[in-house]
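Below is one structure, written out as structure tokens; comments come after it.
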Amino acid sequence: MKTLFIATSALALFASVAFAAPADQPGNKKPAPGSNSETMSAVKDTTAGAVGTISAEMTHTTKGFTTAAATSDMYEVTAGKIALQRSKNTDVKEFAQKMVDAHTKTTDKLKSILPGDIVPPAHVDDRRQGMLNDLRGASAADFDHRYITQQVAAHKEADILMRGYAKGGDNASIKSFAGDTDKDVKMHLNMAQELANKYK
């Protein structure tokens, strides 16, 4: 019994550390602002959005959902912080701060209800790392457009992920979490789309 308690505690600690770890992959080289091709970044973001939609539609297990949701939150918080540093637009900065706050909150909530045998990823995947690097490498003139475009795609993906697990997931607590979170995701998607329309 004592061994089981120690093992469970260790898993919980590892999960806490994983959620708190820097989102970037180890060894990632952050591009300097203005070093990316806007055309290439646009193509990459479009491809990443399409891949994300397919991935979200295929995620049904608790482990798969946890990985996807945790990765999404890490991306959102980091992207928001980048936008807070780089954007000169008040509307964009206000949205970015809301994303940092909201996705930090959902990270904490998911962490508190995870089964002991499921450990979230410690860093973003290759796709989100590429998206973050596209934000960092964007020119000042392209930054807001790049961030907002990514946000619309990311929240469409999150909506599919949350709706799917809320409908067919295999853990009651996490199904409830997904259903509740999806309400906020839809609101954030509307906000991102309004920004996209406002700053075409």
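Residues take their numbers from the sequence shown, with the count starting at 1.
Contact annotation: the side chain of P33 approaches that of R86 to within less than 4.5 Å [non-hydrogen atoms, C-beta and beyond]. D91 has its side chain within reach of Y199: a pair of non-hydrogen atoms, C-beta onward, lies under 4.5 Å apart. Here the side chains of M187 and K183 are not in contact, with every heavy-atom distance at 4.5 Å or above. The closest side-chain heavy-atom distance from M74 to R128 is not below 4.5 Å. Side-chain contact check for H155 versus E76: some heavy-atom pair is nearer than 4.5 Å.
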Determine, stepwise, if the pair Y165 / D170 fulfils side chain to side chain contact (heavy atoms under 4.5 Å, CB included).
CA-CA 8 Å; Y165 193 86; D170 54 12; 3.0 Å; yes

Evaluate V124 against T78 for side chain to side chain contact (heavy atoms under 4.5 Å, CB included), listing each step before the verdict.
CA-CA 10 Å; V124 294; T78 305; 5.8 Å; no

Using the rule given for side chain to side chain contact (heavy atoms under 4.5 Å, CB included), can you reason through L132 versus K30, listing the C-alpha separation, both sets of side-chain angles and the distance that settles it, and then say yes or no?
CA-CA 9 Å; L132 291 172; K30 300 176 183 177; over 6 Å; no

Go through the steps for M99 and H188 under the test side chain to side chain contact (heavy atoms under 4.5 Å, CB included), then give the verdict.
CA-CA 8 Å; M99 295 308 97; H188 297 160; 3.4 Å; yes

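Other residues, nucleotides and ligands contribute over 12 non-hydrogen atoms within 6.0 Å of the NZ atom of K93.
Tested against D24, the residues K29, K81, R136 include a single salt bridge (charged side-chain N to carboxylate O under 4.0 Å, His left out) partner, R136.
Listed for the S87 side chain is no donor-acceptor partner under 3.5 Å among the backbone atoms of A83.
Atom-to-atom distance recorded for I174:CD1 and I118:CD1 is 6.0 Å, nearest 0.5 angstrom. Annotation: the span from M131 atom CE to D125 atom CG amounts to 9.0 Å, rounded to 0.5 Å. Rounding to the nearest 0.5 Å places CG of D184 at 7.0 Å from NZ of K105. Between atom OG1 of residue T62 and atom CG of residue N171 there is a gap of 5.0 Å, rounded to the nearest 0.5 Å.
In this pair, F95 and Y147 present their aromatic rings perpendicular. The plane angle is above 60°, beyond the 30 to 60° band.
Partners of K186 under the side-chain contact (heavy atoms from CB on, under 4.5 Å) rule, at least two apart in sequence or in another chain, are D159, R163, D182.
For the residue pair D73 / T107, a side-chain donor-acceptor distance below 3.5 Å is found, with atom types taken as modelled.
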